[in-house]
**Q** 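Could you have a look at this structure, given as structure tokens, before my questions?
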Amino acid sequence: MNIQKTLIDWYIVNKRDLPWRNTTDPYSIWLSEIILQQTQVAQGLPYYTSFVSNYPTIFDLADADESDVLKLWQGLGYYSRARNLHTSAQYIATELNGVFPKTFSEIIKLKGVGDYTASAIASFCYNEKTAVIDGNVYRFLSRFYGIYTPITGGKGFKEFKAIAQNLIETVDPATFNQAIMEFGARQCKPKTPDCTVCPFSSDCVAFQKEEINCLPVKLKALKVKKKFFNYIVILSEDNTTIVEQRQGKGIWQNLYQFPLIETDTAANYETVLKAVKALNYVESETLELSLYNTTDIVHKLSHQHLYTKFWIVTVNGTLPEGVPFNKVPTFPVPILIGNFIENFNF
DNA sequence: AATTCGGGGTT
DNA sequence: AACCCAGAATT
């Protein structure tokens with residue numbers, strides 16, 4: 001059968017009308033592809049709209065403060081995408097005079113752009129025949145051809161890239177890449193796909209062998225760590241609190257938070273009280289400590305579960321570095337903090 | 001090659 | 001609870 005034609009015919013009938021499909025402007029396509037990395041369309045769509053509206057051109061994005069970019073990104077996760085997006089915008093605006101690179105090999109040099117994103121931009125904007133390999137493509141190809149090579153290693157990537165690249169050679173690359181991804185996302189779904197209405201069912205190896213649920217093969221077993229976070233929300237006499245920017249390389253880099261005390265196990269009142277006094281923000285004689293949430297808020301991330309307590313510290317006196325309550329919601333924060341701020345209602 | 005990086009949706 | 005998402009950078 002003609003796989004490419006079948007995919008494209010299916011796509012023409014079933015495709016969603018998405019804003020980045022109505023343009024070939026590389027800035028818009030780039031923006032959408034960064035947002036959609038490891039992110040479902042429904043979740044990314046409002047962020048795309050927001051970014052296009054706030055930063056209509058790459059120069060607007062380049063001129064923005066990083067904190068403003070992170071604020072717009074708040075809640076989407078994988079914040080290095082936002083930082084790299086901003087860095088690359090500044091690079092293109094200043095070093096390349098605002099002209100977006102036009103080939104796969106140039107595009108992939110941008111920070112935050114790997115093989116998938118470079119292939120997407122090069123094909124969608126410049127009609128270059130570079131096949132995209134994402135989770136959808138892995139799933140469809142592994143099932144259709146019955147390929148059990150794990151997709152989690154370099155060997156798997158090379159094998160599937162070669163297959164997809166061979167398929168794209170004879171067709172319109174933009175339409176093909178869109179079609180194969182949309183097919184994987186909407187028809188060849190991870191769980192319980194409706195193979196009775198699939199145009200490939202008679203030729204699909206996995207379907208014929210009843211092994212749809214075995215493919216694609218992934219080897220990684222991710223282990224989830226438990227962490228215990230204690231956020232210290234200080235309330236001063238003149239209605240300010242302490243908000244800090246996260247430093248270092250780990251999670252939520254450059255986002256803001258209340259002073260954090262991390263413990264090895266669930267913290268008790270005495271432990272936190274001692275740690276709060278060591279923070280040096282407040283005179284130890286004047287503070288009052290109370291636990292805000294009686295049961296831990298469990299914030300679940302891919303690799304860690306954060307058992308979180310918010311502690312309220314009221315102090316007599318003022319905070320030299322204090323942030324006025326009404327400014328607290330303007331900082332870019334992880335959604336764990338954002339939910340607290342919304343609930344606490346400073 | 002293995003690990004890290006978010007948050008939300010689906011089953 | 002497990003799995004997945006229009007992956008990339010770091011170790």
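To find a chain, count down the sequence lines: A is the first, B the second, and so on, and within it residues start at 1.
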**Q** Does A:W73 reach a base, just sugar-phosphate, or nothing at all? Heavy atoms under 4.0 Å.
**A** nothing

**Q** Which is the 5'-most and which the 3'-most nucleotide of DNA chain C that has an atom under 4.0 Å from a heavy atom of chain A?
**A** C:dA1 to C:dA9

**Q** Going by atom types only, do A:N326 and A:N239 share a side-chain donor-acceptor pair under 3.5 Å?
**A** no

**Q** For the side chain to side chain contact (heavy atoms under 4.5 Å, CB included) test, which of A:N230, A:D296, A:I337, A:L336 pairs with A:T308?
**A** A:L336

**Q** Which part of the nucleic acid does A:R139 contact within heavy-atom distance under 4.0 Å: base, sugar-phosphate only, or nothing?
**A** sugar-phosphate

**Q** So A:Q178, base contact, sugar-phosphate only, or nothing? Heavy-atom distance under 4.0 Å.
**A** base

**Q** For a quick test of reading the model: is some side-chain N or O of A:H299 closer than 4.0 Å to OP1 or OP2 of B:dG6?
**A** no

**Q** Please say yes or no: joined through hydrophobic side-chain contacts below 4.5 Å, possibly via intermediate residues, are A:I297 and A:Y307 part of one cluster?
**A** no

**Q** Would you classify A:K249 as touching base, sugar-phosphate or nothing, given that sugar-phosphate means primed atoms plus P, OP1 and OP2, and contacts are heavy atoms under 4.0 Å?
**A** nothing

**Q** Is there a residue in residues 39-51 of chain A whose heavy atoms reach under 4.0 Å of DNA chain B, and which residues are they?
**A** A:T39, A:Q40, A:Q43

**Q** Decide whether A:E33 and A:Q37 meet the rule of one side-chain donor and one side-chain acceptor closer than 3.5 Å.
**A** no

**Q** How many whole angstroms separate atom CZ of A:R186 from atom C1' of B:dT10?
**A** 15 Å

**Q** Suppose you measure atom P in C:dT11 against the same atom in B:dG6; what distance do you get, rounded to whole Å?
**A** 15 Å

**Q** Indicate, with a heavy-atom threshold strictly under 4.0 Å, whether A:S80 touches base, sugar-phosphate, or nothing.
**A** nothing

**Q** Map A:N84 and A:R21 onto DNA chain C by nearest heavy atom, then report which one ends up closer to the 5' terminus.
**A** A:R21

**Q** Among A:Y47, A:F51, A:Y48, which one satisfies ring pair (Phe, Tyr, Trp, His ring centres under 6.0 Å) with A:W73?
**A** A:F51

**Q** Going by heavy atoms closer than 4.0 Å, what residues in residues 333-346 of chain A are next to DNA chain B?
**A** A:P334, A:I335

**Q** Do any pairs count as a side chain to side chain donor-acceptor pair (under 3.5 Å) and have a residue in residues 172-186 of chain A, sequence neighbours left out, and if so which ones?
**A** A:R16-A:E182, A:R21-A:Q178, A:R21-A:E182, A:S123-A:N177, A:D172-A:T175

**Q** For the side chain to side chain contact (heavy atoms under 4.5 Å, CB included) test, which of A:I312, A:I234, A:I232, A:V313 pairs with A:T241?
**A** A:I234

**Q** Are any of the side-chain heavy atoms of A:K161 and A:D115 separated by less than 4.5 Å?
**A** yes

**Q** For the residue pair A:N84 / A:T87, report whether a side-chain donor-acceptor contact shorter than 3.5 Å exists.
**A** no

**Q** Just to be sure I understand the geometry, which residues of residues 100-133 of chain A put a non-hydrogen atom under 4.0 Å away from DNA chain B?
**A** none

**Q** Between A:K223 and A:L301, which is nearer to the 5' end of DNA chain B once each is assigned its nearest nucleotide?
**A** A:K223

**Q** Which word best sums up how the rings of A:F310 and A:F340 line up, parallel for under 30°, tilted for 30 to 60°, or perpendicular for over 60°?
**A** parallel

**Q** When you measure from every atom of DNA chain C, which of residues 26-37 of chain A have a heavy atom less than 4.0 Å away?
**A** A:E33, A:L36, A:Q37

**Q** Using the closest heavy atom to pick a nucleotide of DNA chain B for each, name whichever of A:L76 or A:K155 lands nearer the 5' end.
**A** A:K155

**Q** When we call it a touch if two heavy atoms are under 4.0 Å apart, what does A:Q304 touch: a base, just sugar-phosphate, or nothing?
**A** sugar-phosphate

**Q** Please determine, by modelled atom types, if A:S236 and A:D238 share a side-chain donor-acceptor pair under 3.5 angstrom.
**A** yes

**Q** Mind checking the P distance from C:dA6 to B:dT4? Whole angstroms is fine.
**A** 24 Å

**Q** Just to be sure I understand the rule, does A:G75 reach a base, reach only the sugar-phosphate, or reach nothing, if contact means heavy atoms closer than 4.0 Å?
**A** sugar-phosphate

**Q** Report yes if the side chains of A:Q165 and A:E169 come closer than 4.5 Å at any heavy-atom pair, otherwise no.
**A** yes

**Q** Please name the residue in the list A:Y27, A:F59, A:W30, A:Y126 that meets the ring pair (Phe, Tyr, Trp, His ring centres under 6.0 Å) test with A:F100.
**A** A:W30

